[in-house]
Every structure is written in C-alpha cells, then in structure tokens.
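Notes follow once the structure below has been shown.
Computed from a predicted model, the values in this text were never measured in an experiment.
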Amino acid sequence: MSKSMLMVMTSHELMGDTGKKTGMWLEEFASPYYAFKDAGYSITLASPMGGQVPIDPNSLEDDAMTDDAIRYTKDELARSAMAATIPLEDVRAEEFDAVFYPGGHGPLWDLSDNAHSIKLIEDTIASGKPVGAVCHAPIVLKDVKAADGELLVKGKSVTGFTNSEEDAMGLTDVVPYLVEDELVKSGGTFEKADNFAVKVCTDGLLVTGQNPPSSRPAADALIALLN
C-alpha cells in the first residue's frame, strides 16, 4: 500500500501592513513534495481557505530556485494541485499516514492559531502518526496538546526559523510571532544551527526543520519514520 501524505500550506499573502506579498516559500514545498512523490506516496494538498496557495515572490527569485523548485515550475500536475487545495476544515487525520507543513511567512498569520490545524495535529499524533514542519511552519505546534493535556512540544527537541534568521531578514518587528520564542514559551527544547545552515530535529513523532535548506532533510526524516 502506498503511503498517503497530507501537506498543509498557508492561504495568507500579505506581509503584515508592509504592503508586500508573502505566502508559502516554494523550496519548502517543492523539495518535500518531490521527496514524498519519488518515494511513491500519494499526496493531498490543503490550506485554510482552500484553492490557490500564494507563493512568496521572493522564493521565485533566481537565487532561491533550487532544482526541486524549478522542477515544480515545469510540473503541470503539481501546479494544478497547488491551485486547487482542499479547505483545511474538510481533511481528517485518519485519512493520512503523515502530515507535513511547508513554511514561508504566511503560516505565522493563518496557521499559528488555526483550530482545524491544531485538531489535525493532535489527532494525527494521538493515532501514532508523524507530523513534520519546516522553517516558519513549526509555529503551528505552539498550542497543540498531547493526549495527557500537556503542550505537545514540552520537553521535546524542536527547531524552526530562528530569531537571528528573522533578524537577518529585517522582519522581527513585522511578524506576529517569532517561531523560536513561541516554541520556547511552549516548553520546547529549541535547537539551532548557524543562520541558514541545515538543522532537523526528530523527537518521537515530531520532525522539525530550521529553514529552507532543511526542507528536504526534514522530509527525509519524516519518510524514515514511516518506513
């Protein structure tokens, strides 16, 4: 039986009140997507509002276009799926073997406190299935609870986009949450590498990656949990 993977992305496209666009970071979708696809998984895409996922224009600049991101731009099937994601409220944890959240700044706004997302993660973990998130997407974990009522990340090794990386982007005062601060506040043991170096944490059923270069290694870690 082929494994089924749910990928949950943002529907949010405005960078605070700067007037600039944001959304999902393409590399953080493309690398995991092709890792899962090439492993033979069936993949379902979802987002809070359903429909087209906004892609951060900065992630389409030449220096951000990895081989996987370029592969996506030529993949009509993947682009069609990205244009027609399922509304998050319509997905059920029992239908999937694992869930993965790509980042980009968008999730800081619409997935950070999303009740459907929280329930999805709680139900997935409760049924013994893994959850992965990379870069800004680990913000989705901040209010998730384990079966014992404690916050899920309490005492767990986690990572995500660091305060110093956000500072390097010049967005510390623009974003509604700092991923590092929130995961620490929730009791996580936050681990980090240097800015934009690869870092992945696997703790039990939870896989987190620090930044765009960590997206493929985070997907590989999730695949390892499923094998």
Side-chain angles (χ1 to χ4, degrees), residues 7-10 12-16 18 20-36 53-73 100-112 131-142 153 156-186 188-203 206-224:
M7 298 183 76
V8 180
M9 289 151 301
T10 185
H12 185 88
E13 65 176 353
L14 293 175
M15 183 69 83
T18 62
K20 293 181 175 156
K21 295 277 187 167
T22 187
M24 177 195 72
W25 195 263
L26 181 57
E27 156 67 7
E28 293 168 29
F29 166 78
S31 277
Y33 177 83
Y34 290 116
F36 303 143
V53 170
I55 296 174
D56 189 316
N58 292 318
S59 72
L60 300 172
E61 298 287 340
D62 287 347
D63 61 351
M65 290 298 285
T66 61
D67 289 347
D68 286 316
I70 292 165
R71 182 177 170 187
Y72 168 81
T73 64
F100 189 88
Y101 286 78
H105 281 88
L108 296 178
W109 277 274
D110 69 346
L111 286 167
S112 50
V131 173
V134 70
C135 199
H136 287 88
I139 197 68
V140 303
L141 302 169
K142 73 182 181 67
V153 302
K156 281 196 165 63
S157 295
V158 288
T159 190
F161 207 63
T162 65
N163 290 355
S164 62
E165 286 171 325
E166 202 67 83
D167 193 48
M169 301 291 292
L171 293 168
T172 301
D173 296 327
V174 174
V175 294
Y177 294 111
L178 293 169
V179 177
E180 179 177 344
D181 283 359
E182 292 303 319
L183 293 179
V184 169
K185 226 182 275 180
S186 297
T189 302
F190 193 89
E191 299 181 10
K192 54 189 168 182
D194 292 341
N195 284 3
F196 307 104
V198 173
K199 176 69 182 175
V200 174
C201 291
T202 300
D203 195 326
L206 205 52
V207 174
T208 46
Q210 182 174 318
N211 46 34
S214 307
S215 56
R216 169 70 72 143
D220 289 340
L222 194 61
I223 289 169

Spatial distance of atom [atom1] ([X]) from atom [atom2] ([Y]) [nearest 0.5 Å]:
| X | Y | atom1 | atom2 | result |
| --- | --- | --- | --- | --- |
| Lys156 | Cys201 | NZ | SG | 12.5 Å |
| Ile139 | Leu183 | CD1 | CG | 6.0 Å |
| Met15 | His105 | CE | NE2 | 4.5 Å |
| Met65 | Leu26 | CE | CG | 5.5 Å |
| Lys199 | Ser214 | NZ | OG | 9.5 Å |
| Ile55 | Glu28 | CD1 | CD | 12.0 Å |

Is the backbone N or O of [Y] less than 3.5 Å from a side-chain atom of [X], with the two atoms forming a donor-acceptor pair by type?
| X | Y | result |
| --- | --- | --- |
| Ser186 | Gly188 | no |
| Asp68 | Ala30 | no |
| Glu182 | Tyr177 | no |
| Asn211 | Ala197 | yes |
| Asp56 | Gly104 | no |
| Thr208 | Thr159 | yes |

> Angle class for the Phe161/His136 ring planes (parallel below 30°, perpendicular above 60°, tilted otherwise)?
Replying inline: tilted
So, do [X] and [Y] sit near enough that their side-chain heavy atoms are less than 4.5 Å apart?
| X | Y | answer |
| --- | --- | --- |
| Leu14 | Trp109 | no |
| Val200 | Val207 | yes |
| Val158 | Asp203 | no |

> Only one of Val140, Val131, Leu111 forms a side-chain contact (heavy atoms from CB on, under 4.5 Å) with Val8, so which one is it?
Replying inline: Leu111
> Can you check whether Tyr72 and Tyr33 have ring centres sitting under 6.0 Å from each other?
Replying inline: no
Please report the closest heavy-atom contact between [X] and [Y], naming both atoms and the distance.
| X | Y | result |
| --- | --- | --- |
| Glu165 | Gly160 | OE1-O, 4.2 Å |
| Lys192 | Glu180 | NZ-OE2, 2.8 Å |
| Ala137 | Pro102 | CB-O, 3.4 Å |
| Thr162 | Phe190 | CG2-CE2, 3.9 Å |
| Pro138 | Val179 | CB-CG1, 4.2 Å |
| Pro32 | Phe100 | CG-CE2, 3.5 Å |

>> Between Ser164 and Asp167, do the side chains contain a donor N or O and an acceptor N or O under 3.5 Å apart?
In response: no
>> With a 6.0 Å cut-off (strictly less than), is the heavy-atom count around CG of Asp67, excluding the residue itself, greater than 12?
In response: no
